[in-house]
**Student:** 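I have a structure here, written as structure tokens, and I will follow up with some questions on it.
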Amino acid sequence: MKNMNPITDNDFYYNFIEPDPEIADFVEHLGTFQNLSDEPKEVVIIPDGRVDLFFSQSPSEPFHATLIGLETYAEQREIPPKTIAFVISFKPIAVEYILNTSIAELLNTGKELPHNFWGFTVDDLQDFEICCIKAVQKIKELIPEKVDQKKHQLFELVYLSKGEMSVHELSDQTGWNSRQINRYFTKQLGLSLKAYSTILRFRASLEHIAQGRLFPELNYTDQNHFIKEVKKFSGVAPKELSKNKNDRFILLSVLKRK
């Protein structure tokens, strides 16, 4: 696993690593964060195209597992004092093949999972390495022998193109009817492929914004289109997003330190 360097910033600690190659088709990264302060940490959650499974605990919230669906807009949240959490960030193909469910009803929300989900316990949260080992082992057990090659190729192309390939292009390359693709996305994820691709393009732009490059480098129509879309998904203009006051945008903080 590739370590992305743990970071402690004003009593807020976080660390993200890339997964083992054996699970990389389904998992984007494994991570942990802790609010070490006695005060809540204000953060802004922005769409990133990932599906998150959280195991977390704090003095105000007993140990629990939560599955978070895709986000389509920015939302301000508070992380309670003394929170510790472990998170698995899945690629969307994992919804069907690893989680064996649909998350259509979880658009911009989440749901509590059984207390003993995947065998994780509150004690595991004290050791990030143990959490990673347990997660990798469990996911390897769940990977099916066969994955639909059209779906595998589709998600691979969507990711590699950073959301810039049209539905028509993706349909041509995978040999999968565009109507069927959109039906699958809507049923499994709760949004169309085009909407999902737009989120991936926004996320790719965050890598540029994190480096202070505040102009479109992907296939936006013009600067106004770029600014409008960044504001749509983050709630602020690119310049303000780049400043990232108080490290509110954790995803941007991670990208800046890569």
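Basis for what follows: all heavy atoms, side chains included, without hydrogens, waters or symmetry-related copies.
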**Student:** Do the non-hydrogen side-chain atoms of Leu193 and Leu154 ever get within less than 4.5 Å of each other?
**Tutor:**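 Counting from C-beta outward, Leu193 and Leu154 do come under 4.5 Å.
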**Student:** Would you say the side-chain atoms of Asp222 pair up with the backbone N or O of His225, donor to acceptor, closer than 3.5 Å?
**Tutor:**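 Such a contact is found between Asp222 side chain and His225 backbone.
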**Student:** Between the side chain of Thr198 and the main-chain N/O of Lys194, is any donor-acceptor distance below 3.5 Å?
**Tutor:**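 Yes, the answer is positive, given that a donor and an acceptor are paired below the 3.5 Å cut-off.
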**Student:** For the aromatic rings, using the six-membered ring if either is Trp, is the centroid distance between Phe33 and Tyr14 under 6.0 Å?
**Tutor:**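 Ring centroids of Phe33 and Tyr14 are no less than 6.0 Å from each other.
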**Student:** Should the ring pair Phe55 and Phe120 be called parallel, tilted or perpendicular, given that the plane angle runs from 0 to 90° and is split at 30 and 60?
**Tutor:**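 Phe55 and Phe120: parallel rings.
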**Student:** If every non-hydrogen atom of Gln57 is compared with every non-hydrogen atom of Pro62, which pair is closest and at what distance?
**Tutor:**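 Closest approach of Gln57 to Pro62, heavy atoms only: CG-C, 4.2 Å.
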**Student:** Donor-acceptor pair, distance only, cut-off 3.5 Å: does the side chain of Asp20 make one with the backbone of Ile23?
**Tutor:**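 The answer is no, because no donor-acceptor pair under 3.5 Å joins these two groups.
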**Student:** Using every non-hydrogen atom in the two residues, find where Asn35 and Phe12 come nearest and quote the distance to one decimal.
**Tutor:**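 Asn35 and Phe12 have their closest heavy atoms at CA-CD1, 3.9 Å.
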**Student:** Side chains of Glu42 and Gln76, heavy atoms from C-beta outward: is any pair under 4.5 Å?
**Tutor:**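 In short, these two side chains touch, coming nearer than 4.5 Å.
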**Student:** Which heavy atom of Pro114 sits nearest to which heavy atom of Ala65, and what is that distance?
**Tutor:**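 Closest approach of Pro114 to Ala65: O-CB, 4.4 Å.
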**Student:** Kindly say whether Asp124 contributes a backbone atom to a donor-acceptor pair with the side chain of Asp127 at under 3.5 angstrom?
**Tutor:**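 Between the backbone of Asp124 and the side chain of Asp127 there is no qualifying donor-acceptor contact (under 3.5 Å).
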**Student:** Give a yes or no on whether the backbone of Leu170 and the side-chain of Thr174 come within a donor-acceptor separation of less than 3.5 Å.
**Tutor:**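 Yes; judged by distance alone, with no hydrogens or angles, the pair exists.
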**Student:** If you draw a 6.0 Å radius around CZ in Arg77, do more than 12 non-hydrogen atoms from other residues or ligands fall strictly inside?
**Tutor:**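 Counting neighbours around CZ of Arg77, more than 12 heavy atoms of other residues, nucleotides or ligands fall under 6.0 Å, so yes.
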**Student:** Any side-chain to backbone donor/acceptor pair from Asp38 onto Pro81? Under 3.5 Å, distance only.
**Tutor:**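 No; judged by distance alone, with no hydrogens or angles, the pair does not exist.
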**Student:** Using a 6.0 Å distance limit plus a 45 degree cone around the ring axis, check whether Lys91 lies over the aromatic ring of Phe26.
**Tutor:**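 No - Lys91 does not lie over the ring of Phe26 by the 6.0 Å and 45° rule.
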**Student:** Would you indicate whether Glu129, at its atom CD, is surrounded by more than 12 heavy atoms from other residues, nucleotides or ligands within a distance under 6.0 Å?
**Tutor:**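 Incorrect, the count does not exceed 12.
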**Student:** Has the side chain of Asn244 got a donor or acceptor atom that lies under 3.5 Å from a matching backbone atom of Arg248?
**Tutor:**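 Such a contact is found between Asn244 side chain and Arg248 backbone.
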**Student:** One thing to verify: whether Glu28 and Arg203 come together as a salt bridge, which I'm taking to mean a side-chain N less than 4.0 angstrom from a carboxylate O.
**Tutor:**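 Yes, charged N to carboxylate O under 4.0 Å.
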**Student:** Would you find a donor on one side and an acceptor on the other, under 3.5 Å apart, between the side chain of Glu229 and the backbone of Phe226?
**Tutor:**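 Such a contact is absent between Glu229 side chain and Phe226 backbone.
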**Student:** Please name the pair of heavy atoms, one in Leu189 and one in Leu107, separated by the smallest distance, quoted to 0.1 Å.
**Tutor:**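 Closest approach of Leu189 to Leu107: O-CD1, 3.9 Å.
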**Student:** Ignoring hydrogens and angles, write down the donor-acceptor pairs under 3.5 Å from the side chains of residues 95-104, residues two or more places apart or on other chains.
**Tutor:**
residue : atom : partner : partner atom : Å
Glu96   : OE1  : Lys151  : NZ           : 3.1
Glu96   : OE1  : Tyr184  : OH           : 2.6
Glu96   : OE2  : Lys151  : NZ           : 3.2
Tyr97   : OH   : Asp148  : N            : 3.1
Asn100  : ND2  : Ile98   : O            : 3.4
Ser102  : OG   : Ala104  : N            : 3.2
Ser102  : OG   : Lys187  : O            : 2.7

**Student:** Show your working on salt bridge (Lys or Arg N to Asp or Glu O under 4.0 Å) between Glu207 and Arg213 and close with a plain yes or no.
**Tutor:** CA-CA 9 Å; Glu207 297 180 18; Arg213 307 197 317 255; over 6 Å; no
**Student:** Which residue pairs pass the ring-ring contact (aromatic ring centres under 6.0 Å, His included) test when at least one of the two sits in residues 135-155, sequence neighbours left out?
**Tutor:**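 For residues 135-155: Phe155-Phe185.
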**Student:** Strictly distance-based, threshold 3.5 Å: is any side-chain N or O of Thr83 a donor or acceptor partner for the main-chain N or O of Pro80?
**Tutor:**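 It does hold such a pair.
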**Student:** When the ring centroid of Phe54 is compared with that of His64, is the distance short of 6.0 Å?
**Tutor:**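 Centroid separation for Phe54 and His64: 6.0 Å or greater.
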**Student:** Is there a side-chain contact between Ile68 and Arg50, using heavy atoms and a 4.5 Å cut-off?
**Tutor:**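 Of all side-chain heavy-atom pairs linking Arg50 with Ile68, none is under 4.5 Å.
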**Student:** Tell me whether Phe63 shares a hydrophobic cluster with Ile130, the cluster being built from Ile, Leu, Val, Met, Phe, Trp, Tyr side chains joined at under 4.5 Å.
**Tutor:**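 In one cluster with Phe63: Ile130, no.
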**Student:** Could you give the distance from CD (Gln137) to CD1 (Ile139), rounded to the nearest 0.5 Å?
**Tutor:**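 Here the interatomic distance stands at 11.0 Å.
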**Student:** Measure across Cys132 and Ile17 and return the closest heavy-atom pair with its distance rounded to 0.1 Å.
**Tutor:**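 In this case the closest contact between Cys132 and Ile17 is SG-CD1, 3.6 Å.
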**Student:** Please report the closest heavy-atom contact between Glu112 and Thr66, naming both atoms and the distance.
**Tutor:**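 Shortest heavy-atom separation between Glu112 and Thr66 comes out as OE2-OG1, 3.2 Å.
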**Student:** Does any non-hydrogen side-chain atom of Ile45 lie less than 4.5 Å from one of Tyr73?
**Tutor:**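 The answer is no; the side chains never approach within 4.5 Å.
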**Student:** How many angstroms lie between atom OG of Ser171 and atom NZ of Lys150, to the nearest 0.5 angstrom?
**Tutor:**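 Rounded to the nearest 0.5 Å, the OG-NZ separation comes out at 9.0 Å.
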**Student:** Please answer whether the main-chain N or O of Asn182 pairs with a side-chain N or O of Ser192 as donor and acceptor at a distance below 3.5 Å.
**Tutor:**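 No, because the side chain of Ser192 does not come within donor-acceptor range (under 3.5 Å) of the backbone of Asn182.
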**Student:** Look at atom NZ of Lys134 and say whether more than 12 heavy atoms of other residues, nucleotides or ligands are closer to it than 6.0 Å.
**Tutor:**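 Check passes, neighbour count above 12.
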**Student:** Between Thr32 and Val87, is any pair of side-chain heavy atoms under 4.5 Å apart?
**Tutor:**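 Not touching, per the 4.5 Å side-chain cut-off.
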**Student:** Return the orientation label for the Tyr196 and Tyr159 ring planes: parallel under 30°, perpendicular over 60°, tilted otherwise.
**Tutor:**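 The rings of Tyr196 and Tyr159 sit tilted, inter-plane angle from 30° to 60°.
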**Student:** Taking everything shown except His115 itself, do over 12 heavy atoms lie less than 6.0 Å from its NE2?
**Tutor:**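 12 or below, so no.
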